[in-house]
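Letters A, B, ... mirror the listed sequences (proteins, then strands); counts begin at 1.
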Amino acid sequence: MIRLALISKTETAEAYGILSTRLHRAAWVAYASVDCGDSGKALGQVIETDTADALFADKADAFDAVVIDADQSSTERLAKTASSLGKPVLFRACSLGGLGQKKTLMMPSHPWRFMPSIQSVKHSLEAGKLGQAGLMRIHRWLPSYKCGISNTERILPDADLACWMFGGAPETVWSLQSAANPGYIQFHLGFANEGMAMIDIAGSLPSGSDYFSMTMIGGTGAAYADDHHNMNLLYNGGHPNALRTSQGKVYLIRELQEFVDAIIEKRKPSVTPADTAMAVEVVKRIVDSAESRQVIGRKEAN
Amino acid sequence: MAVKKTFRAGVFSVVKHCYLPRAVAAHPRFELVVVTDDANQPDWVHKRNQLFADEFGIPYVTDVANTIAEYNLDIAAVSPEVERHCDLAVRAADAGLHVIADKPLSTRLSDCDRLVETVQHNKVKFMLWNRNYLPAVIQAKEAIASGAIGELHSIHVDFYFSKDAGPPKGSRKEGDPPIDWLERQMEAHADGSDGGVGTEAMGELQIEGIYPLGYMHLLTGQNVQRVFARTATHFHQANVDNNVDDLATVSLELDGGIVGSLCIGRIGAASHPDIGEIKIHAIGSEGGLVITEARPEVSIYYRDQSPLEFKNERIANENDFLLMEDFARSLDTGSEPILNAKNGRDIAATVFAAVESGKSGQPVKVIY
């Protein structure tokens with residue numbers, strides 16, 4: 001049984017708390033807030049400390065591994081501390097600037113990989129049903145209020161998905177932005193073996209739901225994971241309203257289970273810091289291309 | 001009620017899947033009166049022309065100039081091999097005939113330019129065949145025109161035809177000759193997938209790119225200034241052997257600051273339950289629009305159903321009729337058809353730029 005500690009805001013504790021009965025071979029035992037006033041009550045009866053530093057200083061013997069969901073600079077500092085204590089870490093990833101190589105297990109959180117729809121596409125590809133990956137198409141549109149985040153955070157999930165599906169970094173990157181819509185970026189990735197990804201991300205929808213669509217075209221088949229396909233209708237006067245059937249939060253527990261299983265089985269997790277580093281490097285090339293209006297190959301990025 | 005004129009139409013070659021002259025024949029304002037082609041065409045061309053003429057009970061004349069002189073034609077319905085589209089269209093327009101031509105417009109931009117010049121010089125009307133009157137495309141047009149998503153900022157078309165195109169990639173055995181493009185296209189006539197018929201091999205961008213780019217033209221009213229494309233041969237041995245794409249992605253920079261993208265491919269019959277995944281995505285200042293081009297449709301499943309039969313049938317598709325209605329209106333009023341020679345030429349220029357970009361790996365400006 002792996003004893004888990006969580007360092008996060010209340011909302012993250014609540015999300016994990018609801019799912020905690022689904023976790024195998026692990027349980028929450030400790031919580032530390034990242035801001036004063038946060039609470040880990042949702043995790044059940046766990047040790048709580050006011051700060052993460054206190055957790056590491058006073059309660060380190062009480063847990064085996066730690067999950068960190070904090071801002072970037074705090075994450076890096078806390079992950080280093082955890083690692084120095086020999087604690088495996090699952091941490092929110094958007095940059096790995098200060099982490100370096102660690103001997104302990106470090107799993108960056110890429111929750112998008114664990115979405116049921118994405119897992120289904122990936123499994124079809126890995127099972128050989130689709131043949132060789134040829135074209136990955138993503139449309140991701142977000143309401144503007146969700147976009148108070150950096151370019152890296154906004155682009156990284158889809159850059160990572162593309163690298164993951166094609167099994168490596170792209171050879172070429174071409175990006176376009178919209179002068180009229182600063183929240184928009186389109187990027188065009190060229191992979192080995194003639195693979196290609198075309199992704200548009202818009203952060204300008206009115207407040208309300210987001211939209212996501214992924215198509216993977218392979219040599220012998222194709223997979224379509226599209227919110228458009230998963231809409232039901234509500235009639236309450238006028239035009240019907242479209243209601244998307246939710247995929248739920250199961251992706252969180254799948255990711256956490258992978259972290260736990262990797263610890264117990266003493267293996268590398270399915271997501272590693274190298275994956276994040278690759279995606280971050282691709283994001284840099286995407287931004288470079290948008291700014292320079294040039295095709296950015298691998299060498300230029302070095 | 002005043003009876004409007006019925007236009008006499010000549011079929012100027014009909015070697016492909018013959019939806020175009022059939023659409024002309026099906027509209028009450030048009031009457032097919034003759035099929036014509038040049039005498040020096042190969043036997044298979046004459047056979048297909050004769051077959052169509054026999055079906056409609058009209059003569060087949062192997063002399064284009066004489067046909068124009070003797071049959072008192074108003075319009076020419078042009079549907080030969082792609083590389084002859086512009087030649088036959090120019091000869092018809094030079095004789096004062098209005099022209100409807102099948103897509104793609106040509107394999108050469110210089111031919112397209114000559115056509116535009118001839119149409120303008122002779123003050124005739126020209127319409128390039130397109131799908132802009134499909135119900136869902138009209139819906140997209142109405143939604144955008146009504147301001148439902150505000151000012152249009154970006155537009156994306158995914159256009160995957162789930163058709164096969166002969167043997168799959170990698171199937172050619174050592175010592176086998178490469179697949180001859182024209183022979184392959186002639187075989188494809190049986191299942192109607194011979195849109196690229198001709199001696200010059202064409203990739204999917206060239207054969208079908210007109211349709212999604214036609215949507216973009218309709219929905220934005222803007223020309224494309226620059227493209228960046230990646231092209232691949234991913235599915236079909238005929239495309240491999242003839243060095244033409246069957247899968248492509250294109251980034252587009254349009255006038256008015258609009259950005260766009262196009263994904264296109266002939267992805268194989270196994271890859272979709274229907275004719276293919278064809279969608280329009282548009283983002284404006286006030287929202288977004290997601291349109292499935294095939295709707296409305298009806299799903300039909302039954303025991304012993306052929307795996308090749310589409311399970312979803314398009315319904316209420318009046319594209320062919322509405323195109324002909326549009327052309328009749330153009331002839332009656334002097335208005336321009338929904339996709340005229342200049343529009344077709346500009347779309348062809350965008351396609352050629354994308355093909356060049358796919359080869360060079362660099363962005364390419366569209367030639368105007």
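No part of B:Ser162 comes within reach of chain A, as not one of its non-hydrogen atoms sits under 4.5 angstrom from that chain. The contact between B:Leu252 and chain A is made entirely by backbone atoms, counting heavy-atom distances below 4.5 Å. Contacts between A:Leu135 and chain B at a heavy-atom distance below 4.5 Å involve backbone atoms as well as side-chain atoms. Proximity to chain B (any heavy atom under 4.5 Å) is shown, for A:Ala242, by neither the backbone nor the side chain. Heavy-atom distances place the side chain of A:Tyr211, and not its backbone, under 4.5 Å from chain B. At a 4.5 Å heavy-atom cutoff, the contact between B:Ala229 and chain A is made by backbone atoms alone.
The two atoms that bring A:Pro206 and B:Gly287 nearest to each other are CD-CA, 3.7 Å, heavy atoms only. Here the shortest heavy-atom pairing between A:Tyr184 and B:Val259 reads CE2-CG2, 3.3 Å.
A donor-acceptor pair is defined here as one N or O able to donate and one able to accept, closer than 3.5 Å; such a pair exists between the side chain of B:His234 and the backbone of A:Gln132. In this structure, the side chain of B:Arg230 does not engage the main chain of A:Ala197 through any donor-acceptor pair within 3.5 Å.
Put simply, CG on A:Leu205 and CD on B:Glu286 are 11.0 Å apart, with the number rounded to the nearest 0.5 Å.
Interface residues of residues 215-231 of chain A toward chain B, defined by a heavy-atom distance below 4.5 Å and sorted by number: A:Thr215, A:Ile217, A:Gly218, A:Gly219, A:Thr220, A:Gly221, A:Ala222, A:Tyr224, A:Asp226, A:His228, A:His229.
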A:Trp141 and B:Val290: side chain to side chain contact (heavy atoms under 4.5 Å, CB included), yes or no, with the steps? CA-CA 11 Å; A:Trp141 302 348; B:Val290 181; 3.8 Å; yes
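Within a 6.0 Å sphere centred on NZ of A:Lys9, other residues, nucleotides and ligands contribute 12 heavy atoms or fewer. For B:Asn243, the CG atom counts as loosely surrounded, since its 6.0 Å shell holds 12 or fewer non-hydrogen atoms of other residues, nucleotides or ligands. In B:Lys311, the NZ atom is crowded: over 12 heavy atoms of neighbouring residues, nucleotides or ligands sit closer than 6.0 Å. By the 6.0 Å contact criterion, CD1 on B:Ile367 is open, its count of non-hydrogen atoms from other residues, nucleotides or ligands being 12 or less.
A:Gln186 places a side-chain heavy atom less than 4.5 Å from the side chain of B:Ser251. Contact of the B:Tyr160 side chain with the A:Arg137 side chain is registered, since non-hydrogen atoms from C-beta on lie closer than 4.5 Å. The side-chain heavy atoms of A:Met198 and B:Asp158, taken from C-beta on, include no pair separated by under 4.5 Å. Side chains of A:Met196 and B:Leu247 form a contact here, defined as non-hydrogen atoms less than 4.5 Å apart.
Among B:Glu253, B:Lys169, B:Gln362, the residue making the largest number of heavy-atom pairs under 4.5 Å with chain A is B:Glu253. Each of B:Gly268, B:Ala270, B:Gly257, B:Gly288 has some count of heavy-atom pairs under 4.5 Å with chain A, and the biggest count is that of B:Gly288. Here B:Ile283 is the residue among B:Ile267, B:Ile283, B:Ile149 with the most heavy-atom pairs under 4.5 Å with chain A. Ranking A:Gly195, A:Gly131, A:Ser213 against chain B, the residue ahead of the rest is A:Gly195, based on heavy-atom pairs under 4.5 Å.
Ring pair A:His188/B:Phe228: centre-to-centre distance below 6.0 Å.
Between the side chains of A:Asp200 and B:His281, no donor-acceptor pair of N or O atoms lies under 3.5 Å.
Listed by chain and number, the residues in a salt bridge (charged side-chain N to carboxylate O under 4.0 Å, His left out) with A:Glu14 amount to none (sequence neighbours excluded).
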